[in-house]
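Heavy atoms only: backbone and side chains are in, while hydrogens, waters and symmetry mates are out. The sequence lines fix the lettering, A, B, ..., with proteins before strands; numbering per chain opens at 1.
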Protein chains: 2
Amino acid sequence: MSAMPPVDEMQRAFEARDSSYDGVFFVAVSSTGIFCRPSCPARRPLSRNTRFMATAKEALFAGFRPCKRCRPLHTDGQPPEWVEELLAWVEEDPSRRIKDGDLRARGLDPARVRRHFQRTYGMTFQAYCRGRRLGDALGEIREGGELDEVILGHGYESHSGFRDAFVKTFGTPPGKSRGEDCIQVDWIESPLGPLVAGATAEGICLLEFTDRRMLEAQFRAIRRLFKRAVVPGKNPHLEHLKRELAAYFSGTLMRFTVPLVFPGTPFQRRVWEELLRIPYGQTRTYEQMAQAAGSPGACRAAGTANGMNRIAILIPCHRVVNKDGKLGGYGGGLWRKARLLGLEQGVPSS
Amino acid sequence: MSAMPPVDEMQRAFEARDSSYDGVFFVAVSSTGIFCRPSCPARRPLSRNTRFMATAKEALFAGFRPCKRCRPLHTDGQPPEWVEELLAWVEEDPSRRIKDGDLRARGLDPARVRRHFQRTYGMTFQAYCRGRRLGDALGEIREGGELDEVILGHGYESHSGFRDAFVKTFGTPPGKSRGEDCIQVDWIESPLGPLVAGATAEGICLLEFTDRRMLEAQFRAIRRLFKRAVVPGKNPHLEHLKRELAAYFSGTLMRFTVPLVFPGTPFQRRVWEELLRIPYGQTRTYEQMAQAAGSPGACRAAGTANGMNRIAILIPCHRVVNKDGKLGGYGGGLWRKARLLGLEQGVPSS
DNA sequence: CGGCCTCCACCGATTTTTCGACACCAATGT
DNA sequence: ACATTGGTGTCGAAAAATCGGTGGAGGCCG
């Protein structure tokens, strides 16, 4: 069974219905003989009746049956199956317009879909699709596509409808956006929970574990920092990143090659550049980082700069620890830092 | 307003003197009337006396003076101090030639100066000075100065050198310029950000907020439209404009008297003339404008003509809004439109 | 030149989506 | 059996998006 988050962490996550821990561990309730995902909507049982398990198999084997509400077997993977299917359907032809009626035709209740997207991705399903379409459209315009052709290819039937929507998301009319760029974000599954990733045409500019409820604020910050619109979408760098992350988590990749974009103050940049120099599997102290960044003594500032890093894992801020050997802090939760370090030191993960 | 980190984040950063937030926000202390960078070394004030501001400008406008220890303007404040000094030095005697060596003698790195000018004003420092000299020279030529005297009085040591430079900027040799005019441009600071203003001998022909990235193109358009060169320089109308703008922003001036020059197509001119008739503090709809311009139904076209207006504020295109009460669009950014309207309706600007 | 084409700081009438409220359901504690 | 919790489906009103209008400017091409 090996690595689970610490018990108190799990208790907190279970209490808070933190869906980012789905798949990371399971909760078995001895009074009912049922086991659930951490995010199960049902009322919380008394804590003396709960037991934490690393896998569903384990729970089944111990005689528990899966909960009918959160269906811990049914989905196993984080996003419920119907969401995966729906997303796949969207990807089949992102330029197509999907109306509430189409959802109903697939047996999905639009309200349910909307609520799920709102909760998970911070926007309604329709808003997701719209952003997705406009992001693609901007891409084509940037490449110099003829405006009218682009419009007809992206789900709008009228010139003006497209224009209105475009201006609303990007702030500038399509004609003036020729050379502009936007940030495309996507969600990536990992053994440590879902990550949100963002990329411009130049490279990856965002990668974070999503359980920070900060998501909304993050988007705003990113938008301000890059002065660009943020839309959900696909992007070659994101695909590249997904492949490399998969290899990283399987322990076979030690050095990422996907390009990064990380603007910041001069001091921050120095710290981040230094982080990139720490080899796989090794650690540094905050003090060493401050020194390397040219400001010995500024270890506190180095710590802050570490925390401000927006590209987790690739800019390995998890490789910086306290001088006394303790782990220090980590934006995505200490247990993840521990797991990442463990992974890099060859500890077999669950 | 708009995008700042969450308040608790700012409090933490200020408390910790976190220099990574320098330039991201500013702290104004109401008990002392001073504003600082987050990293200011001075003793922390009581938190009930602090206010957070997004920009130094905002703080200044709210009546705070920059702290003498952390010098919040010094680094990030829009025109760095050394630039201001340098510009003042140029103004002292615009006809003087400033070589790289002179800059070095003042402790400035020519490359740095060039980069800053290129970035901020769209031309190198040398180009700025050359234009400045030529603009003055042209003004004198128009007034009938003796050609050779003019030349020698403006930093050129030889006739031919002046001619070359002159031809390069204006397209015509100086002898033919008598009776012609060029457009002098200058930068004007305002509570809503810096403006670029342009004037001929007849009056103001350009006034725009400079964060419109279009500046370069604008200049080209202006040059083509007026068939005149655009050079940095001073001009009585510009001085007049500066005084009136200051009064306008302080809320005491409601009608500008500085003369305007705005050539355009007949339709555009009709729209612009109508704009000038909208009284201070009132608004019209695009539809009303179209009607007033004699083409009811051409509301969209009226909007476009509005957008083509090159003299912001004075030709009050900000007083035109959507019929449904929404603000519509604004070249300088919607927030400016809102603030301008607020100012005119007596809302104390933040 | 004059036609042809693209783009634009809008408007009004239709869809379509969003949002709130409310009843219902599964899982659980008492 | 009944209360409690938070998700789900349904409904209707309110808010947005969309669609197909619009007239004018400016670039391009023969």
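In terms of phosphate contacts, A:Tyr156 brings a side-chain nitrogen or oxygen within less than 4.0 Å of OP1 or OP2 of D:dT18. Listed pair A:Lys168 / D:dA17 meets the phosphate criterion, a side-chain N or O lying under 4.0 Å from OP1 or OP2. Within the structure, every side-chain polar atom (N or O) of B:Asn322 is placed at least 4.0 Å from both OP1 and OP2 of C:dA9. For the OP1/OP2 pair of C:dG12 and a distance below 4.0 Å, the side-chain nitrogens and oxygens of B:Lys323 include at least one atom meeting the criterion.
D:dA1 is paired with C:dT30 under the Watson-Crick or G-U wobble criterion, all donor-acceptor distances under 3.5 Å. Pair assignment for D:dA17: C:dT14, on the basis of Watson-Crick or G-U wobble contacts that are both within less than 3.5 Å.
For B:Arg269, the salt bridge (Lys or Arg N to Asp or Glu O under 4.0 Å) partners two or more places apart in sequence, or in a different chain, are B:Glu273. For A:Phe117, the ring pair (Phe, Tyr, Trp, His ring centres under 6.0 Å) partners at least two apart in sequence or on another chain are A:Tyr121, A:Phe125, A:Tyr128. In this structure A:Lys99 satisfies the salt bridge (Lys or Arg N to Asp or Glu O under 4.0 Å) test with no other residue, sequence neighbours excluded. The side chain to side chain donor-acceptor pair (under 3.5 Å) search around A:Lys168 returns none, not counting sequence neighbours. For B:Arg277, the salt bridge (Lys or Arg N to Asp or Glu O under 4.0 Å) test picks out B:Glu274, with sequence neighbours left out.
Across all strands shown, B:Ala301 has heavy atoms under 4.0 Å from base atoms, whether or not it also approaches the sugar-phosphate. Residue-level contact check: B:Arg270 touches neither bases nor backbone, having no heavy atom under 4.0 Å from any strand. Among the protein residues, B:Ser295 comes within range of the sugar-phosphate backbone only, with heavy atoms under 4.0 Å from sugar or phosphate atoms but none that close to a base. Residue contacts for A:Ala165: at a heavy-atom cut-off of 4.0 Å it reaches the sugar-phosphate backbone alone, with no base atom in range.
Interface residues of residues 274-286 of chain B facing DNA chain D, ordered by number: none; criterion, heavy-atom separation under 4.0 Å. Residues from residues 127-136 of chain A that place a heavy atom under 4.0 Å from any atom of DNA chain D, listed by number: A:Arg130.
With hydrogens and angles left out, the side-chain atoms of B:Thr200 and B:Glu202 include a donor and acceptor closer than 3.5 Å.
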Just distance, no hydrogens or angles: give the donor-acceptor pairs under 3.5 Å from side chains in residues 132-139 of chain A, sequence neighbours left out.
{"from": "A:Arg132", "atom 1": "NE", "to": "A:Glu91", "atom 2": "OE2", "distance (Å)": "3.0"}
{"from": "A:Arg132", "atom 1": "NH1", "to": "A:Asp136", "atom 2": "OD1", "distance (Å)": "3.2"}
{"from": "A:Arg132", "atom 1": "NH1", "to": "A:Asp136", "atom 2": "OD2", "distance (Å)": "3.2"}
{"from": "A:Arg132", "atom 1": "NH2", "to": "A:Glu91", "atom 2": "OE1", "distance (Å)": "2.8"}

Worksheet, complete the sentence: Under a 4.0 Å heavy-atom criterion, the protein footprint on nucleotides 19-30 of chain C, written with B, S and -, is B------BSBSS

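Counting only residues at least two apart or in different chains, ring-ring contact (aromatic ring centres under 6.0 Å, His included) contacts with residues 160-180 of chain A comprise A:Tyr156-A:Phe162, A:Phe162-A:Phe166, A:Phe166-A:Phe170. Legend: side-chain hydrogen bond (donor to acceptor under 3.5 Å, both in side chains) pairs involving residues 101-114 of chain A, not counting sequence neighbours: none detected. Every pair passing side-chain hydrogen bond (donor to acceptor under 3.5 Å, both in side chains) that includes a residue from residues 314-331 of chain B is listed here, sequence neighbours excluded: B:Glu287-B:Lys323, B:His318-B:Glu344, B:Arg319-B:Glu344.
The separation between A:Phe162 atom CZ and C:dT6 atom P is 15 Å, rounded to whole Å. Rounded to whole Å, atom P of D:dG7 lies 12 Å from atom CZ of A:Arg112.
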